[in-house]
Amino acid sequence: MSERRTFPPVAEQMDIIRENAEEILPEEELVQKLERSYEKGIPLNVKLGCDPTSPDLHVGHSVVLTKLRQFQDLGHQAILIIGDFTAMIGDPSGRSKTRPPLSLEEARKRGQTYYEQASIILRSDRLHIVYNSEWLGKMTFDEVIRLTAHYTVAQMLEREDFAKRYKAGIPIGLHEFLYPLAQAMDSVAIRADVELGGTDQRFNLLVGRTIQEKYGQEPQVILTMPLLEGLDGREKMSKSLGNYIALTDPPEEMFGKVMSIPDELILKYYRLAVFAPAEQVAHLEKQLKEQRINPRDAKFQVAKALVRRYYGEEAAEAAAAHFERVFVKKAIPDDIPTVTVAPGTTVGLVELLTQHQLAASKSEARRLIQQRAVSVDGEKIVDIHATITVAHPVVIKVGKRRFLKLQPSA
RNA sequence: GGGUGGGUACCGAAGCGGUCAAACGGGGCAGACUGUAAAUCUGCUGGCACAUGCCUUCGGAGGUUCGAAUCCUCCCCCACCCA
């Protein structure tokens with residue numbers, strides 16, 4: 001922390017920082033902070049808090065993580081706060097439901113995974129990881145009371161999701177009011193200069209400013225990033241809604257998921273998930289608008305770009321080829337799960353589907369067969385009593401994307 | 001502490017003694033179609049057996065009844081209003 005760092009000129013930094021940002025509040029303060037940092041050679045503390053409730057990071061998280069990475073690349077100090085303590089509260093931001101709280105231990109464990117996955121995007125130098133139980137866990141009751149005295153119920157109810165829930169008669173746990181305050185204490189503890197978050201974090205981030213001031217610090221600047229809709233195109237991408245692309249999804253999966261987003265989201269994904277340069281986004285937008293490119297092809301391009309970002313060129317090509325093959329040409333992919341069985345074994349199709357997780361239950365397996373979703377070696381099977389004898393390799397297909405190969409053991 | 005309205009399948013929400021595995025919507029899955037795992041249309045959507053059948057489910061525990069998601073008792077939980 002002590003060695004002097006050099007930074008690009010402030011104007012240049014601001015251009016990068018503004019890229020894709022939804023809101024920077026207040027922008028002039030950020031410029032001042034940057035100027036001071038530039039002159040003194042001291043990096044800004046850029047905070048990102050994460051709630052380790054769901055250990056799987058997805059493309060939605062990547063939006064704000066990428067912004068943090070940009071700060072790192074500019075020479076600033078990223079501070080990733082693992083909210084192991086706050087996870088016990090369960091952040092209600094943007095949700096209309098109370099979240100199930102987590103034990104400290106469990107939160108720690110998930111925090112570790114979070115960190116591992118975040119480092120797919122972040123660089124490991126200029127990065128501090130801290131657990132907020134370190135300071136929040138030590139606060140005494142009277143310290144907590146003093147903290148809460150800085151805010152009023154009416155102020156808390158300004159937050160949209162609280163207000164909504166209150167109006168709708170949906171419970172709000174008292175502890176949930178403590179969440180923004182706890183998060184604000186994180187900013188105090190690490191002396192944050194800037195805090196990043198999604199737009200749904202706006203309120204919490206602003207509380208940080210107020211509280212920092214109350215504790216005698218210069219308030220942080222807040223920077224919010226747009227929220228990325230999930231695959232359904234309506235709800236925010238989230239694990240619990242299952243509409244997400246995980247950072248650890250294999251290339252083909254990633255590709256396919258992008259192909260399933262509604263057409264209207266193509267550009268947004270290009271911008272926020274791929275973080276493509278503004279000119280390229282503009283170019284694609286123009287092509288789409290003038291109908292010089294088929295939306296399918298545009299989506300194809302975005303899907304490829306996303307896979308390329310995480311897995312490189314080769315994987316991107318392969319994933320594209322796979323998609324082309326399986327979904328456009330409806331052929332069989334080259335690498336499908338294979339089970340070896342004793343040659344000549346005869347099994348009921350229904351049993352087979354359930355045994356290998358191609359169907360959740362026998363009833364479902366039957367339903368699938370009746371709905372003409374199951375084929376064996378390219379032949380639709382409609383008889384629920386069908387059996388299969390494995391004399392040579394047999395390929396079973398369920399729906400569009402579930403395959404299984406039965407291989408007689410040699 | 002008092003009052004009122006509630007707790008139904010993955011979610012929302014009807015049902016208020018048999019015709020209830022439970023309307024309807026969302027979600028999910030499948031099929032058709034297509035430029036895609038988009039959109040649209042159609043079907044399916046507790047489990048087991050499939051021939052009619054059986055089992056589990058409507059906050060929990062008991063009870064009434066030939067028969068309960070529906071009635072009664074106690075309990076737990078939630079919201080709102082009053083104090």
Side-chain angles (χ1 to χ4, degrees), chain A residues 59 95-100 157 162-174 176 229-246 249-270 284 287-288 291-307 319-333 348-351 353-355 357-375 379-387 396-403:
Chain A
V59 166
R95 297 176 159 251
S96 49
K97 261 187 196 159
T98 308
R99 275 194 170 182
L157 285 175
F162 282 147
K164 250 194 214 149
R165 280 204 270 164
Y166 190 66
K167 241 183 251 149
I170 300 167
I172 302 171
L174 201 49
E176 293 180 81
E229 286 87 348
L231 304 178
D232 54 27
R234 303 209 333 260
E235 303 289 337
K236 167 190 164 186
M237 187 180 285
S238 86
K239 173 131 198 235
S240 51
L241 290 172
N243 60 356
Y244 66 105
I245 304 176
D249 271 343
E252 285 157 14
E253 187 88 4
M254 213 178 235
F255 194 97
K257 281 181 177 175
V258 175
M259 291 307 282
S260 81
I261 61 171
D263 291 355
E264 309 81 70
L265 245 51
I266 295 173
L267 288 167
K268 194 162 185 187
Y269 267 62
Y270 199 35
L284 188 64
Q287 282 185 306
L288 277 169
Q291 300 197 336
R292 299 214 324 272
I293 187 170
N294 186 316
R296 191 209 82 112
D297 295 331
K299 215 189 275 186
F300 214 81
Q301 196 177 316
V302 173
K304 224 160 142 179
L306 187 73
V307 177
H322 175 268
F323 187 87
E324 193 70 51
R325 179 169 182 178
V326 177
F327 297 108
V328 182
K329 301 206 178 98
K330 300 200 189 337
I332 292 160
L349 188 53
V350 168
E351 283 72 35
L353 295 183
T354 44
Q355 258 165 38
Q357 282 85 48
L358 294 171
S361 65
K362 289 189 181 175
S363 298
E364 187 180 304
R366 290 192 193 96
R367 252 179 256 131
L368 285 165
I369 292 170
Q370 280 160 351
Q371 286 176 134
R372 311 176 52 79
V374 180
S375 66
E379 230 177 283
K380 286 252 184 276
I381 304 291
V382 280
D383 177 15
I384 57 171
H385 299 292
T387 57
I396 298 174
K397 184 181 181 193
V398 179
K400 292 192 180 82
R401 31 192 308 231
R402 278 171 282 170
F403 297 93

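Here is how names work: the chains are called A, B, and so on, in the same order as the sequence lines, proteins then strands, and each is numbered from 1.
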Treating A/Arg292 as the side-chain partner and A/Gln287 as the backbone partner, does any N or O pair qualify as donor plus acceptor under 3.5 Å? no
B/G27 phosphate, OP1 or OP2, under 4.0 Å from A/Arg234 side-chain N/O: yes
Please give the distance between the P atoms of B/U57 and B/U4 as a whole number of Å. 32 Å
Using atom CG of A/Leu353 as one end and atom P of B/C29 as the other, report the distance to the nearest whole Å. 17 Å
Could you tell me how far B/U40 sits from B/U52 if I compare only their P atoms? Round to whole Å. 36 Å
If you measure from the C1' atom in B/C20 to the same atom in B/U36, how many Å do you get, rounded? 41 Å
Main chain of A/Ser361, side chain of A/Glu364: is a donor-acceptor contact present, judged purely on distance under 3.5 Å? no
Across all strands, who's sitting opposite B/C80 as a Watson-Crick or G-U wobble pair, both distances under 3.5 Å? B/G3
Identify all side-chain donor-acceptor contacts of residues 297-306 of chain A below 3.5 Å with residues at least two apart in sequence or on another chain.
unit_1   : atom_1 : unit_2   : atom_2 : d
A/Lys299 : NZ     : A/Met259 : O      : 3.2
A/Lys299 : NZ     : A/Ile261 : O      : 2.5
A/Lys299 : NZ     : A/Asp263 : OD1    : 3.1
A/Lys304 : NZ     : A/Glu317 : OE2    : 3.4

Would you mind checking if A/Glu379 and A/Lys397 are paired as a salt bridge, meaning a charged N to carboxylate O distance below 4.0 Å? no
With sequence neighbours left out, the residues meeting side chain to side chain contact (heavy atoms under 4.5 Å, CB included) with A/Ala331 are A/Arg325
Taking atom P in both B/U34 and B/A49, what distance in whole Å separates the two? 38 Å
Nearest-angstrom distance, P atom, B/G62 to B/U70: 14 Å
Between B/U73 and B/A68, how far apart are the C1' atoms? Round to whole Å, please. 15 Å
For A/Val258, the option from A/Leu265, A/Ile245, A/Val307 that meets side-chain contact (heavy atoms from CB on, under 4.5 Å): A/Ile245
Searching all strands shown, indicate the nucleotide that pairs with B/C71 (Watson-Crick or G-U wobble; both distances under 3.5 Å). B/G63
Between CD of A/Glu235 and C1' of B/G28 the distance, given in whole Å, is 15 Å
Taking all atoms of both residues into account, what is the closest heavy-atom pair of A/Pro333 and A/Val326, and its distance? CB-CG2, 3.6 Å
Taking only the P atom of each, what is the distance from B/G5 to B/C72 in whole angstrom? 13 Å
Please compare A/Gln370 and A/Ala373 by the position of their nearest nucleotide in RNA chain B and report the one closer to 5'. A/Ala373
Give each protein N/O atom lying under 3.5 Å from an N/O atom of nucleotides 45-47 of chain B, with the pair distance.
unit_1 : atom_1 : unit_2   : atom_2 : d
B/G47  : OP1    : A/Ser361 : OG     : 2.8
B/G47  : OP2    : A/Arg367 : NH2    : 2.5

Can you check the distance between B/C24 and B/U45, where both ends of the measurement are the C1' atom (answer in whole Å)? 15 Å
A/Arg165 atom CZ is separated from B/C80 atom P, nearest whole Å, by 12 Å
Partners passing ring-ring contact (aromatic ring centres under 6.0 Å, His included) against A/Tyr166 (at least two apart in sequence or in another chain): none
Quick check for you: to the nearest 0.5 Å, what is the distance between A/Tyr244 atom OH and A/Lys236 atom NZ? 14.5 Å
Taking the nucleotide of RNA chain B with the nearest heavy atom to each, does A/Leu368 or A/Tyr166 sit closer to the 5' end? A/Leu368
Considering only nitrogen or oxygen atoms on both sides, find all protein atoms under 3.5 Å from nucleotides 36-39 of chain B and state each distance.
unit_1 : atom_1 : unit_2   : atom_2 : d
B/U36  : O2     : A/Met259 : O      : 2.6
B/U36  : O2     : A/Lys299 : NZ     : 2.9
B/U36  : N3     : A/Asp263 : OD1    : 3.4
B/U36  : N3     : A/Lys299 : NZ     : 3.0
B/U36  : O4     : A/Asp263 : OD1    : 2.9
B/U36  : O4     : A/Asp263 : OD2    : 2.7
B/A37  : OP1    : A/Phe327 : O      : 3.4
B/A37  : O2'    : A/Ser260 : N      : 3.2
B/A37  : N1     : A/Arg401 : NH2    : 2.9
B/A38  : O4'    : A/Lys299 : NZ     : 3.2

Protein-nucleotide distance (A/Leu231, atom CG; B/G27, atom P), rounded to Å: 14 Å
Pairing partner (Watson-Crick or G-U wobble, both distances under 3.5 angstrom) of B/C16: none
Distance check needed: B/A49 P versus A/Ile369 CD1, whole Å only. 12 Å
With a cut-off of 6.0 Å (strictly less than), are more than 12 heavy atoms of other residues, nucleotides or ligands near NZ of A/Lys164? no
Rounded to whole Å, the CG-P distance (A/Leu358 to B/A30) equals 11 Å
Got a donor-acceptor pair under 3.5 Å from the side chain of A/Gln371 to the base of B/G31? no
Spacing of A/His385 atom NE2 relative to B/A51 atom C1', expressed in whole Å: 10 Å
A/Asp232: what forms a side chain to side chain donor-acceptor pair (under 3.5 Å) with it, not counting sequence neighbours? A/Asn243
